[in-house]
Amino acid sequence: MQSVLVEGPSRKDPNELTGKTENMRSVNFPGHPRLVGQFVDVVITEALSNSLRGRIVAA
C-alpha cells in the first residue's frame, strides 16, 4: 500500500485519477475528482514501464 497525493485526472483516461507516491512515481487509479489535492491509500496492482496502476483502499 502506498500513500498517494492525487494530482488530477489521468491524461490517457479522464475517468481515472493520477497521483504521485512518496518516491515520485506516477500512479493511475479509478477515483472521484473530489479527491484531487488529498492523500489517499492506494494498493499497487500493476507496474508498467513509466507508471503504476492501482486501486484505492476502501476505508
Side-chain angles (χ1 to χ4, degrees):
M1 183 169 59
Q2 295 281 319
S3 181
V4 173
L5 175 60
V6 182
E7 296 183 321
S10 170
R11 287 184 294 168
K12 293 186 177 182
D13 185 349
N15 296 316
E16 291 194 345
L17 297 174
T18 190
K20 293 273 200 247
T21 67
E22 295 172 349
N23 299 336
M24 300 305 290
R25 297 281 314 264
S26 292
V27 183
N28 294 306
F29 52 92
H32 195 280
R34 73 172 185 268
L35 297 173
V36 172
Q38 298 181 37
F39 283 94
V40 295
D41 290 329
V42 174
V43 172
I44 304 304
T45 58
E46 186 177 5
L48 304 172
S49 58
N50 294 316
S51 66
L52 302 170
R53 302 257 327 132
R55 61 178 171 76
I56 294 176
V57 176

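In this structure, CG on L52 lies 7.5 Å from CD on Q2, to the nearest 0.5 angstrom. A distance of 12.5 Å separates CE of M1 from CD1 of I56, quoted to the nearest 0.5 Å. One finds the CG atom of D13 at 11.0 Å from the OG1 atom of T18 (value rounded to the nearest 0.5 Å).
G54 and V42 get closest at one heavy-atom pair: CA-CG1, 3.9 Å. Closest of all the heavy-atom pairs between R53 and L48 is CG-CD1, 3.7 Å. Nearest heavy atom pair, residue P9 against residue P14, reads CB-O, 4.4 Å.
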Check residues 30-41 and write down every donor-acceptor pair under 3.5 Å in which the side-chain atom is one partner and the other belongs to a residue at least two apart or another chain.
| unit_1 | atom_1 | unit_2 | atom_2 | d |
| --- | --- | --- | --- | --- |
| H32 | ND1 | R34 | N | 3.0 |
| Q38 | NE2 | R34 | O | 3.2 |

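Both I44 and F29 sit in one connected hydrophobic cluster of ILVMFWY residues. Membership requires side-chain heavy atoms under 4.5 Å apart, directly or through other members.
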I would like to know whether S51 and R25 meet side chain to side chain contact (heavy atoms under 4.5 Å, CB included); could you show each step before the answer? CA-CA 7 Å; S51 66; R25 297 281 314 264; over 6 Å; no
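Put simply, the residue from V4, T45, L5 that forms a side chain to side chain contact (heavy atoms under 4.5 Å, CB included) with V27 is V4.
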